[in-house]
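Notes follow the structure.
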Amino acid sequence: METDEIKVRLRAPEPSDTDTLYIWENDPELWPYGDNAAPLSRHALDTFIRNYNGDISADRQLRLIITDNSGTAVGAVDLYDYSARDRRAGVGIFIQKEFRRRGYAFQALAWLGVYCATHLGLHQLWAVVGADNKASRALFESAGFKTCGRLRSWLRQGRRFGDAVIYQRLFE
């Protein structure tokens, strides 16, 4: 397989994604990495998808489904805390366990960067990653994000709190 071969596509969520998102959003292994305070219902996810308009300016967020070349959903990438004034957004990414370490996340971040810089006119993306999450830190670093700070005791991990690293990618 060529390293420059396109492996992923980014697309808007579809109603057929409801069950997949339900599994992803309610996986207890992922809860430490997200902001959900409670499990999400199928109804809530279905309502989100059916009302999804992809307008980052109105919603201050954008969710894109990551698919492989066959159209199989392998993960999702979110832009959040969008600031039109400062032309920046936070980014979070998830790849389903069986598709990890195959380059999907790296390529999704690469496509997302092109989309954000050229279509949305963003100046930067930022991410907050658990200091002990070596795989995610390596991903963001390999995708051109630079470390710009450390937040002490920032993320609750069960009964303890862990540090987080802040990353930025500037588009010149």
Side-chain angles (χ1 to χ4, degrees), residues 7-8 10 13 17-49 52 56 59-68 72-83 86 88-113 115-116 122-171:
K7 294 181 180 180
V8 303
L10 302 177
D17 294 320
T18 300
D19 287 341
T20 300
L21 288 174
Y22 178 79
I23 291 167
W24 293 347
E25 293 286 355
N26 292 302
D27 182 347
E29 287 184 22
L30 301 176
W31 290 347
Y33 305 108
D35 277 346
N36 287 350
L40 295 175
S41 69
R42 275 189 178 83
H43 175 73
L45 291 165
D46 185 60
T47 300
F48 167 78
I49 290 171
Y52 183 84
I56 194 170
D59 298 334
R60 293 192 61 231
Q61 66 179 6
L62 182 73
R63 169 160 283 186
L64 298 170
I65 301 299
I66 304 165
T67 67
D68 65 12
T72 300
V74 300
V77 63
D78 294 321
L79 295 177
Y80 61 94
D81 289 346
Y82 167 73
S83 171
D86 298 315
R88 69 173 176 238
V91 61
I93 190 164
F94 163 76
I95 300 294
Q96 194 169 303
K97 190 178 281 186
E98 60 266 29
F99 296 104
R100 293 180 190 160
R101 301 199 177 275
R102 295 188 192 176
Y104 292 118
F106 176 82
Q107 199 168 80
L109 285 178
W111 281 114
L112 184 70
Y115 175 75
C116 288
L122 294 187
H123 172 63
Q124 67 177 284
L125 291 174
W126 57 270
V128 176
V129 179
D132 60 351
N133 190 338
K134 293 177 183 173
S136 287
R137 291 185 62 191
L139 167 66
F140 281 99
E141 290 167 10
S142 69
F145 285 73
K146 304 293 182 205
T147 303
C148 63
R150 187 177 189 101
L151 299 165
R152 309 303 275 169
S153 200
W154 193 254
L155 301 171
R156 191 176 83 178
Q157 300 167 330
R159 293 181 180 219
R160 66 176 193 85
F161 286 82
D163 291 357
V165 178
I166 305 171
Y167 288 96
Q168 285 180 297
R169 180 174 175 202
L170 302 178
F171 304 115

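Heavy atoms only: backbone and side chains are in, while hydrogens, waters and symmetry mates are out.
- Side-chain atoms of Asp78 and Val91, non-hydrogen and from C-beta on, never get closer than 4.5 Å to each other.
- In terms of heavy-atom proximity, Arg63 sits nearest to Ala76 at NE-CB, 4.4 Å.
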- Working for side-chain contact (heavy atoms from CB on, under 4.5 Å), residues Gln168 and Leu125: CA-CA 6 Å; Gln168 285 180 297; Leu125 291 174; over 6 Å; no
- Task: Could you give me the CA-CA distance, side-chain angles and deciding distance for Glu141 and Thr147, then say whether side-chain contact (heavy atoms from CB on, under 4.5 Å) is met?
- Result: CA-CA 8 Å; Glu141 290 167 10; Thr147 303; 4.0 Å; yes
- Task: Might you work through the side-chain contact (heavy atoms from CB on, under 4.5 Å) test for Val165 and Tyr167, ending with a clear yes or no?
- Result: CA-CA 6 Å; Val165 178; Tyr167 288 96; 3.6 Å; yes
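- Residues satisfying the salt bridge (charged side-chain N to carboxylate O under 4.0 Å, His left out) criterion with Arg156, sequence neighbours excluded, are absent altogether.
- Annotation for Ser41 and Ala44: closest pair OG-N, 2.9 Å, computed over non-hydrogen atoms.
- Between Ile66 and Val77 there is a side-chain heavy-atom pair separated by less than 4.5 Å.
- Rounding to the nearest 0.5 angstrom, the gap separating the CZ atom in Phe94 from the CZ atom in Phe99 is 10.0 Å.
- Taken to the nearest 0.5 Å, the OH atom of Tyr104 stands 15.0 Å off from the CG atom of Leu139.
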- Before giving the answer on side-chain contact (heavy atoms from CB on, under 4.5 Å), spell out for Arg42 and Asp19 the whole-Å C-alpha distance, their side-chain angles and the decisive distance to 0.1 Å. CA-CA 7 Å; Arg42 275 189 178 83; Asp19 287 341; 2.9 Å; yes
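- For the atom pair CG (Leu62) and SG (Cys116), the distance works out to 8.0 Å, reported to the nearest 0.5 Å.
- Residues Arg88 and Tyr82 have side chains that never bring a donor and an acceptor to within less than 3.5 angstrom of each other.
- Between the Asp17 side chain and the Leu21 main chain, no donor and acceptor come within less than 3.5 Å of each other.
- What you find for Ala131 and Arg150 is that their closest heavy atoms are CB-NH2, 3.4 Å.
- Contact detail for Arg100 and Ile95: the closest heavy-atom pair is NE-O, 2.7 Å.
- Taking each heavy atom of Gly130 and Leu155 in turn, the nearest pair found is CA-CD1, 3.6 Å.
- The pair Glu29-Lys97 counts as a salt bridge, with a side-chain nitrogen and a carboxylate oxygen less than 4.0 angstrom apart.
- With Gln96 contributing its side chain and Gly75 its backbone, the two residues share no donor-acceptor pair below 3.5 Å.
- Of the inter-residue distances, the one linking Ile65 atom CD1 with Thr72 atom OG1 reads 12.5 Å to the nearest 0.5 angstrom.
- When side chains are defined from C-beta on, Leu64 counts as touching Leu112, because their heavy atoms get closer than 4.5 Å.
- Taking every heavy atom of both residues into account, Phe106 and Ser142 meet most closely at CE1-O, 3.1 Å.
- In this structure, CZ in Phe48 is found 14.0 Å from NE2 in His43, a value given to the nearest 0.5 Å.
- A donor-acceptor distance shorter than 3.5 angstrom exists from the side chain of Asn26 to the backbone of Leu40, with no hydrogens or angles considered.
- Here the side chain of Lys146 pairs no donor or acceptor atom with the backbone of Leu170 at under 3.5 angstrom.
- The backbone N or O of Asn133 sits nowhere less than 3.5 Å from a side-chain atom of Ser136 that would complete a donor-acceptor pair.
- One finds the CZ atom of Arg102 at 9.0 Å from the NZ atom of Lys7 (value rounded to the nearest 0.5 Å).
- Using modelled atom types, no side-chain atom of Arg152 and backbone atom of Asp163 make a donor-acceptor pair closer than 3.5 Å.
- Annotation: Trp154, atom CH2; neighbour count of heavy atoms from other residues, nucleotides and ligands within 6.0 Å does not exceed 12.
- In this structure, Trp126 has its ring center no closer than 6.0 Å to that of Phe140.
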